[in-house]
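So that the names make sense, note that chain A is the first sequence line, chain B the second, and so on, each numbered from 1.
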Amino acid sequence: MAPKRRAARQSADASTLVIVESPAKARTIKRFLGDGYTVASSIGHIRDLPASAAEVPKNLKGKDWATLAVNVDEGFRPVYIIPTDKKRVVTELRTELKGADQLLLATDEDREGEAIAWHLVEVLKPKTPVRRLVFHEITRSAITKALSQTREIDQRLVHAQESRRVLDRLIGYLVSPVLWKKVGSGLSAGRVQTPALWLIVQRERERMAFVSADYCIPIATLAPAEDSETAFEARLISLDDRDLATAADFNPDTGMLRAGSRARLLPEADAQSVIQALADATFQVTDVAKRPRTRRPQPPFITSTLQRAASTRLRLSPRQTMRVAQQLYENGYITYMRTDSPALSAQATSAARTAVRAEVPQERERDYLPERPRAYRARSARAQEAHEAIRPAGRRFRHPDDLGPDVDADGRRLYRLIWQRTLASQMSDAQFEQTRVQIAAEAGDHGKAVFQSNGQVVVFDGFLRIYAGERSGERMLPDVSPGDRLQVRGIDLGARETRPPDRWTEASLIRELESLGIGRPSTYATILETVQGKYVERKEGALVPGWHAFAVIQLLEAHFPELVDSQFTARMEDGLDRVAEGSLNPLPWLSAFYFGGDIESENDGAGMLRDGLRQRIEASQDAIDARAVCTIPLPGSNGSPIAVRIGRYGPYLEAVENGARTQAPDDVAPDQLTAEVAADLLAKAASGDEPLGTDPASGLSVFLKSGRRGHYLQLGESRGAGRRRPKTASVWPMYSPESLSLNDALDMLAYPRTLGTHPESGTRVTVQDGPYGPYVKCGKESRSLPGDGDERYAKLASIELPEALEILSAPRQPRRRRAQPAALADLGAHPASGANITVRDGRYGPYVTDGELNASLPKGRDPASVTLDDAVALLTARAERVAAQGGRRRRTGTRRRRR
DNA sequence: CAGTGAGCGAGCTTCCGCTTGACTT
C-alpha cells in the first residue's frame with residue numbers, strides 16, 4: 001500500500017485539482033488522495049440550455065429559434081447558459097483552478113458524465129493540462145490505478161449527450177405548444193413523460209372497456225380422518241373431464257369465455273347443483289405429486305428496484321426513498337443511490353459474505369454461502385453502469401443495529417432493507433418441496449368432479465433467512481396417499497368475479513419504464529411528479545389519469561404517434577450508441593429528425609418522425625381538430641352517446657343528442673364514469689336542485705344555483721333539447737342564499753325594469769343587473785349606477801326615470817382615471833425620465849408603472865418591499881422585451897416599432 | 001359553463017438529466 005501512495009503523489013507533484021459531480025464523492029476520494037490534491041465538485045451539470053425566455057441571452061432575441069436555444073439552421077448548435085444556481089459553483093471552481101497546475105476531471109464514465117467534463121473545460125478554460133480520470137469503484141487501489149491511466153475527453157460521447165439533449169429539447173419545446181393551443185395551456189409532452197402517460201391512460205382505457213364475468217370455483221374443506229386437525233382446502237378444477245373456467249379464460253372486453261376456449265363456465269346455479277350432487281359422494285385421493293423447487297435470491301438493489309421494494313415494503317414514495325437514501329449516502333452508510341448496475345465490487349462481495357457468516361450458525365456457513373460468489377449484471381442493455389449496486393458502504397458492512405444517531409427512523413428501515421438485500425444476493429438458493437394432491441368424487445349427472453390442492457414447504461430457507469420474499473408463505477398439506485378416503489367438512493360456492501387489470505402504482509410504473517429503457521435513475525421520481533402535476537391523481541397508491549390526459553394522448557396518438565410509442569427511446573438510443581462509438585454523424589441524424597429525410601438512408605433520424613418534426617408541427621396547426629381531440633367518448637352509451645369534453649373551464653359532460661352539458665365530476669375516476677353515471681349527472685343538472693318554488697306568472701320553477709361568480713337564480717329548466725336559454729339573475733349581495741324566499745327571488749328575476757322612455761329619442765330606459773353590477777341602459781348608451789356594493793342595488797330597486805336620465809346624460813368616466821387601480825405605493829421619480837413611479841394592483845397581480853409602461857412584479861414578490869431601484873430594473877427589462885417583440889413583429893410584416 | 005352594458009399592464013407555460021441545498025408548508 002505504501003509504495004502505491006508514494007507513486008500517486010509523485011505523479012501529481014505540486015497541486016492537482018480533481019473535479020467530481022457530487023460533494024459526498026469528493027469527500028470520499030479525498031481520503032485516498034495525497035496532499036497534492038484538491039477535490040471539488042460540480043454539483044451535476046454546470047451548463048444547460050436556457051429553460052425559459054427570461055434566461056435566453058439577449059443577442060438571440062428575435063431569432064425564431066430563440067426559445068429553443070438550438071440553432072436549427074446551423075448545425076443544431078445549442079446555446080448554453082450557466083443557470084443562476086450554478087454561478088456560485090463555477091466561481092468557486094475557477095478559484096480552485098487558479099492554484100492548480102493540473103486538472104483532472106473525474107466525473108462518471110457515461111454520456112452525461114463525459115459531457116459534464118467537457119462543459120467544465122469549456123467554462124473554466126484551464127491553462128493547465130487537463131486529463132480525464134475514470135474509476136468505477138471508490139477504493140484506494142481503483143483510484144491509484146486510474147491515476148496512472150488518465151485519458152482525453154471522449155468527444156464522441158460528448159456528441160452523443162449533446163444530441164440527446166437537443167433531441168429532447170426539440171420534442172419538448174415544439175410539441176408542448178401544440179398542446180397549449182389545442183387542449184390547454186401549461187400542458188407538456190416529452191420523449192419520456194409521454195410514453196409514461198400513455199401507459200397510464202391505456203390501462204385506464206382497458207379498465208373502462210372491461211366487462212366483468214361471474215363464475216364459481218367451489219372449494220371443499222377436507223380432512224384425512226374425522227378427528228384430524230389437518231383439514232385443508234381443495235378447489236374444483238374439472239367436471240366430467242372438462243377444466244373449469246378460471247379468470248384467464250375470459251375475454252376482458254366481453255365478459256364471455258374467450259373464443260375457442262374449451263373451459264367449462266360454472267355459473268352460480270350450476271355450482272349449487274354440483275355441490276348438492278356431491279353431498280353424499282366419496283372423496284378419494286387419486287394422485288399425490290411432489291417436486292422440489294428452488295428460488296434464487298434477487299440481485300442487489302439498483303435505483304428502480306430500491307424504489308420498488310421501499311414502496312411495497314416500507315410504504316415510501318420514490319421521492320422519499322431517494323431523500324432518505326441521499327442522507328445515508330452522505331453520511332457514508334451506503335454507496336451511491338442513482339445507479340443502473342446491480343454489480344458488486346470484489347470488496348463488496350467479500351464484505352457481504354463476511355456479514356452473512358455472522359448471521360448464520362457457524363457449522364452451517366457452507367450451506368448458506370455458495371462456494372463461488374454470485375455475480376450480477378444489468379438486465380437492461382441500455383444500462384450505462386457508471387456505479388455499482390446500492391449496498392452498505394465500505395469493506396466491512398455495518399450491522400443495521402449499529403447505525404449512528406445521525407440516522408432517523410426511515411433511514412434505519414431503508415438501510416436494513418439494503419443490507420438484507422445485499423447479503424441475500426450472495427446467499428444460497430432457498431429450497432421448497434411443492435405438493436399437489438388431486439381428489440376425485442362423483443357428482444351425479446355432472447360427472448366426475450376433480451379437486452386439487454397445492455402445498456409448499458420450505459426445506460431450506462437459504463437467502464430467505466435474511467431477506468424474506470413477499471410470497472414465501474408455507475402451506476402445509478397432510479400426508480395422504482392415493483386411495484385414501486377423505487372427510488368432507490363442507491363445500492363452499494367459491495363465487496368469483498373477474499377483475500379489471502390493476503392501475504399502475506408509482507413502483508410498478510418505474511419498473512415498467514426501466515424495462516423499456518425510458519428515463520434514468522436520476523429521473524424516475526421526477527417523471528412521476530411531472531405526470532402527477534399535470535395529468536394524473538394518485539388515489540390509494542394507484543395512478544388515475546384525468547381527462548386532460550386522455551385528450552393529450554388522443555392528440556399525440558393521432559398526430560405524433562412516434563412519441564407515444566415506448567420504442568421511441570430505444571430507437572433514439574440506438575442512434576446515440578452509434579454516435580458514441582463514432583459510426584454515425586449526429587448532424588444528418590438530427591437533421592433528418594427535424595427537417596425530414598430519406599428513411600432508407602442510415603441517417604434517417606432513427607425513423608422517428610419520417611416527415612421531419614418541423615413539418616409535422618406546422619401541419620398540426622390545421623390538421624388537428626381541437627374539438628375532436630378534446631372529445632372523449634364514454635363507452636357503453638348505446639343510442640345516446642355521451643362524451644367528456646375538455647373546455648376552457650375544465651372537463652364537462654355533453655350528450656351528443658341534445659347538447660345538454662354539465663361539469664364532469666372530479667372525484668369520479670374515468671373507469672367509474674360509465675354512460676349511465678354520466679346520464680344521471682346530466683339529468684340532475686338539467687333539473688337543477690330543488691326549486692325554490694313556482695313563478696305564478698309563467699308557471700316555471702325558480703331554481704337557486706351556484707356558479708363561478710356566486711349564487712344566481714334561474715327561471716325554468718336549463719338549456720336542453722329545443723329549450724331556450726332560461727332567464728337568470730344574480731342574488732343581490734344583501735340577501736343570504738340560504739334563507740332566500742320565493743318572493744325575494746321573483747323580485748330579482750323581475751329585472752330589467754322599464755322606467756319609461758327617453759324624452760328625446762323615445763327609446764326605452766331600463767335598469768338591470770349585469771356582470772359588472774347594476775346599470776341603466778337606453779339603446780346603446782349605458783352607465784353603471786353610482787355607489788358602492790349594496791348602495792348600487794338599493795338604487796336599482798328605487799331609481800326612477802329622472803335620475804336615470806341624469807346618469808345617462810353625464811359623460812362616461814374618463815378612461816384612464818377609472819381604469820387605473822389605486823397606487824399601493826409611490827416610489828418617486830424615475831432617475832432618468834423623471835416620471836413618477838407607482839406600484840399598483842391590477843388584474844394580473846401587482847405591477848409597477850411609470851404611467852406609460854407597466855411591468856409585473858415577479859411571482860411571490862411582496863409589493864410592499866419594492867424599491868425605486870427594483871422598479872427601474874423591472875421597467876428597463878420590460879422595455880427591452882417590448883423592443884424585442886417589436887423586432888419579431890417587423891419580421892411578420894408589421895413595420896411599427898414600439899419603444 | 002349565468003348574463004353580458006366598459007375599460008383596464010401581458011406574458012408565460014414546455015423538455016431530459018446531472019446534482020444539492022434553499023426555499024416553504
Side-chain angles (χ1 to χ4, degrees), chain A residues 21-25 41-46 48-49 51-54 67-68 85-86 89 107-108 110-113 115-116 119 161 164-180 184-194 326 330 338 519-523 526-527 530 534 647-650 652 661-663 685 705 707-710 712-714 718-719 725-730 766 768-773 775-778 780-784 812-813 815-816 818-821 840 842-845 847-849 852-856 859-860 878 881-882 885:
Chain A
E21 283 105 327
S22 97
K25 188 171 167 185
S41 51
S42 73
I43 329 276
H45 276 289
I46 54 157
D48 193 11
L49 301 174
S52 64
T67 50
L68 277 181
D85 59 337
K86 288 296 165 57
V89 176
T107 49
D108 292 346
D110 58 14
R111 218 158 53 201
E112 298 295 330
I116 291 172
H119 280 299
Q161 191 275 345
R164 198 274 311 153
R165 183 70 187 91
V166 166
L167 200 65
D168 282 335
R169 168 54 68 101
L170 293 176
I171 295 169
Y173 274 39
L174 290 171
V175 178
S176 296
V178 174
L179 301 180
W180 303 343
S185 88
L187 300 176
S188 60
R191 172 179 60 82
V192 169
Q193 62 172 269
T194 294
Q326 173 93 25
E330 285 178 3
R338 288 187 275 265
R520 301 279 313 137
S522 63
T523 61
T526 319
I527 294 165
T530 301
K534 292 182 196 298
R648 269 207 308 154
Y649 309 104
Y652 61 93
R661 296 169 167 192
T662 188
Q663 196 167 353
K705 306 187 95 172
R708 268 183 304 133
R709 290 216 283 269
Y712 65 98
L713 298 157
Q714 180 173 308
S718 291
R719 190 156 59 135
R725 207 153 50 188
K727 183 172 175 55
T728 59
S730 288
T766 58
Q768 57 263 297
D769 189 21
Y772 313 106
Y775 64 103
V776 54
K777 181 180 174 185
C778 175
K780 286 187 171 176
E781 283 291 312
S782 69
R783 299 284 187 280
S784 282
R812 255 182 217 296
Q813 295 274 359
R815 286 185 186 183
R816 179 142 296 186
R818 280 196 53 137
Q820 197 164 43
R840 291 171 194 273
R843 271 190 306 165
Y844 309 112
Y847 64 101
V848 295
T849 178
E852 292 264 324
L853 192 68
N854 306 312
S856 286
K859 222 174 173 180
R878 171 87 183 101
R881 269 201 295 279
V882 170
Q885 252 178 13

(message) Between P on B/dT14 and CZ on A/R191, what's the gap in Å once rounded to a whole number?
(response) 19 Å

(message) Return the CD to CD distance between A/E330 and A/Q326, rounded to the nearest 0.5 Å.
(response) 4.5 Å

(request) Would you tell me if any nitrogen or oxygen in the side chain of A/K534 comes within less than 4.0 Å of OP1 or OP2 on B/dT14? (result) yes

(message) Please compare A/G770 and A/S52 by the position of their nearest nucleotide in DNA chain B and report the one closer to 5'.
(response) A/G770

(message) Nearest to the side chain of A/W180, heavy atoms from C-beta on, is which of B/dT14, B/dG3, B/dC16?
(response) B/dT14

(message) Wobble G-U and Watson-Crick pairs count when both distances are under 3.5 Å; given that, what is the 5' to 3' dot-bracket string of DNA chain B, with | for pairing to other strands?
(response) .........................

(request) Return the nearest nucleotide to the side chain of A/R169; candidates are B/dC16, B/dA2, B/dC15. (result) B/dC15

(message) Nearest whole Å is fine: how far is B/dC16 C1' from A/Y173 OH?
(response) 10 Å

(request) To the nearest 0.5 angstrom, please state how far the CG atom of A/L187 sits from the CH2 atom of A/W180. (result) 9.5 Å

(request) Give a yes or no on whether a salt bridge exists between A/E21 and A/K25, defined as a side-chain N under 4.0 angstrom from a carboxylate O. (result) yes

(message) Each nucleotide in nucleotides 18-25 of chain B should get exactly one letter: B, S or -. Can you fill that in based on protein heavy atoms under 4.0 Å?
(response) BBSS----

(request) Tell whether A/S784 reaches the base of B/dA6 with its side chain through a donor-acceptor pair below 3.5 angstrom. (result) no

(message) Between the side chains of A/D48 and A/K86, is the shortest nitrogen-to-carboxylate-oxygen separation below 4.0 Å, so that they form an ion pair?
(response) no

(request) Measure from CG on A/L179 to C1' on B/dC12 and round the result to the nearest Å. (result) 16 Å

(message) I want to confirm an ordering. Mapping A/V776 and A/A729 to their closest nucleotides on DNA chain B, which one lands closer to the 5' end?
(response) A/A729

